[in-house]
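Letters go in sequence order (proteins before strands), and every chain restarts at 1.
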Number of protein chains: 2
Amino acid sequence: MRADAKKNYDHILDIARGVIAGHGSDASMRDIARRAEVGLATLLRHFPTRETLFEALLCTNLDALTQKSAELEVSNAPGDALATWVADWVAFAGSYKGVVDMMAAAHTNPGSALYASCAAVHSASGRLLARAQAAGAAREDMNGDDLFALMTALGWAIDQPSFAPRADHLVRLITSAVLGETVGK
Amino acid sequence: MRADAKKNYDHILDIARGVIAGHGSDASMRDIARRAEVGLATLLRHFPTRETLFEALLCTNLDALTQKSAELEVSNAPGDALATWVADWVAFAGSYKGVVDMMAAAHTNPGSALYASCAAVHSASGRLLARAQAAGAAREDMNGDDLFALMTALGWAIDQPSFAPRADHLVRLITSAVLGETVGK
DNA sequence: ACCTGAACACCGTTCAAGT
DNA sequence: ACCTGAACACCGTTCAAGT
């Protein structure tokens, strides 16, 4: 990439971050281009898809997340590791409004720029769950797909303004369910 | 309403049902008008908001749902009643793609045509949960808001193509978590 | 190489004009 | 009363033309 193009790219990404932080994942591409003082066509050549833009925007966070999963797989006690993983995912999911919807959609089609990241989160979840199950620290009647679905659903829920106030509690509920903890009745 | 208007209204609703069944909750209003062979402005006078259209489209289902909750509150064993209620909600949530997103959004603003229905589902959930808790058939560490959030998140999840195959299992997982059932580990 | 204006086909909103 | 075409301000896509 030429130096001037690189500078343009970085500038656009910087502005996009701000706009998306404000308006969420369905922010107008035109609006982003406008605020970056760049033609819409230019924005779309750097990021042909909304997903491409998000991939660039999230790659730091996503790398940190998957690296964290690798650490958790070896360091912590299996049950704690799983609980921490869910909490980390939720923190990531809160990075931008609508990110979870996007990930859930990307999860379906391999053509998406976010597909690989989704698959990574999915499989990391599967490994951490299996490890916890082997240690008797998680309920047996679920698999990696189920965990990923629950984590995504949880991320979606706390993204909703009406459910956000109970976010911490909802995370605790799901986590305790996954760990198969005995609860007071 | 005049007879010709009534006929128009019913026809539009009929066509809308088909289009939304095919394209989900974010079907184009213009497309609905076009297929109903009616001006877009006519459609929008009958249903000024997308929510208004959905309210009309869903009112039968929603009435059945809330009536069912009233029956469950007195007839079934508290735990079974709660489990059945969750299952009924999930069935409703599957009526049209995207309905849950809409309900979750409507839940926040009292101006929405779907607000009352959301509130009804919310409060019915609270009553059925409280009844189950009083009978020692549900976990104590959650309230009606939490249950509604979990039910909605569950509805959202099974609406996603990638999670749909595990729908039944996901319902079972959430239900067993809410009931505080002891699980094999 | 890199950028961009402009045309395109969409969307929902609004309203003056028609029956 | 009820309907509707048309103008409006948006959206993302595409591409020929400019530096």
**Minimum-distance pair of heavy atoms, taken over all atoms of A:L179 and A:G79** = CD2-O, 3.8 Å
**Request:** Can you see which heavy atom on B:N76 is nearest to which on B:R131, and at what distance?
**Result:** O-NH2, 2.7 Å
**Request:** Can you label the angle between the B:Y9 ring and the B:F47 ring as parallel, tilted or perpendicular, going by 30° and 60°?
**Result:** tilted
**Prompt:** In whole angstrom, what separates B:I32's CD1 from C:dG12's C1'?
**Reply:** 12 Å
**Flag for B:D145-B:H122: side-chain donor and acceptor within less than 3.5 Å** = yes
**Prompt:** Phosphate oxygens OP1/OP2 of C:dC3: is one of them under 4.0 Å from a side-chain N or O of A:H46?
**Reply:** yes
**Request:** For B:M29 and D:dC11, give me the distance from atom CE to atom P, rounded to whole Å.
**Result:** 20 Å
**Prompt:** Looking only at heavy atoms, what is the nearest atom pair of B:A113 and B:E55, with distance?
**Reply:** O-CG, 3.2 Å
**Message:** Just the rounded figure in Å: distance from P of D:dT13 to CZ of A:F47.
**Reply:** 14 Å
**Request:** Answer yes or no: is there an ion pair linking B:R34 with B:D31, defined by an N-O contact shorter than 4.0 Å?
**Result:** yes
Identify all pairs in which a protein N or O lies below 3.5 Å from an N or O of nucleotides 6-10 of chain C, and state each distance.
none

**Message:** Please report the distance, rounded to the nearest Å, between CG in B:D10 and P in D:dC2.
**Reply:** 14 Å
**Message:** I need the CG-P distance between A:D26 and C:dC11, as an integer number of Å.
**Reply:** 17 Å
**Message:** Tell me which residues in residues 14-24 of chain A lie within less than 4.0 Å of DNA chain D, going by non-hydrogen atoms.
**Reply:** none
**Message:** Tell me whether A:E71 at atom CD has more than 12 heavy atoms from other residues, nucleotides or ligands lying less than 6.0 Å away.
**Reply:** yes
**Prompt:** Counting only side-chain N and O atoms of B:N8, is one of them less than 4.0 Å from OP1 or OP2 of D:dC2?
**Reply:** no
**Message:** Between B:R50 and B:S25, do the side chains contain a donor N or O and an acceptor N or O under 3.5 Å apart?
**Reply:** no
**Message:** Expressed as a whole number of angstroms, how long is the span from A:E37:CD to C:dT4:P?
**Reply:** 11 Å
**Message:** Let me check I have this right: for DNA chain C, each base becomes ., (, ), [, ] or |, based on Watson-Crick or G-U pairs with both distances under 3.5 Å. What is the full string?
**Reply:** ||.|||||...|||||.||
**Complete:** B:L53 atom CG is separated from C:dT13 atom P, nearest whole Å, by 12 Å
**Asked** Does C:dC3 have OP1 or OP2 sitting under 4.0 Å from an N or O in the side chain of A:R45?
**Response** yes
**Prompt:** When the distance from OH of B:Y9 to P of D:dC3 is rounded to whole Å, what number comes out?
**Reply:** 13 Å
**Prompt:** Got a salt bridge between B:D168 and B:R172, using NZ or NE/NH1/NH2 to carboxylate O under 4.0 Å?
**Reply:** no
**Request:** Return the orientation label for the B:Y96 and B:F54 ring planes: parallel under 30°, perpendicular over 60°, tilted otherwise.
**Result:** perpendicular
**Asked** Do you know which two heavy atoms are closest between B:M142 and B:Q133, and how far apart they sit?
**Response** O-NE2, 2.9 Å
**Asked** Do B:S69 and B:W85 have a side chain donor and acceptor closer than 3.5 Å?
**Response** no
**Prompt:** When the nearest nucleotide of DNA chain D is assigned to A:R50 and to B:V38 on a heavy-atom basis, which residue is associated with the more 5' position?
**Reply:** B:V38
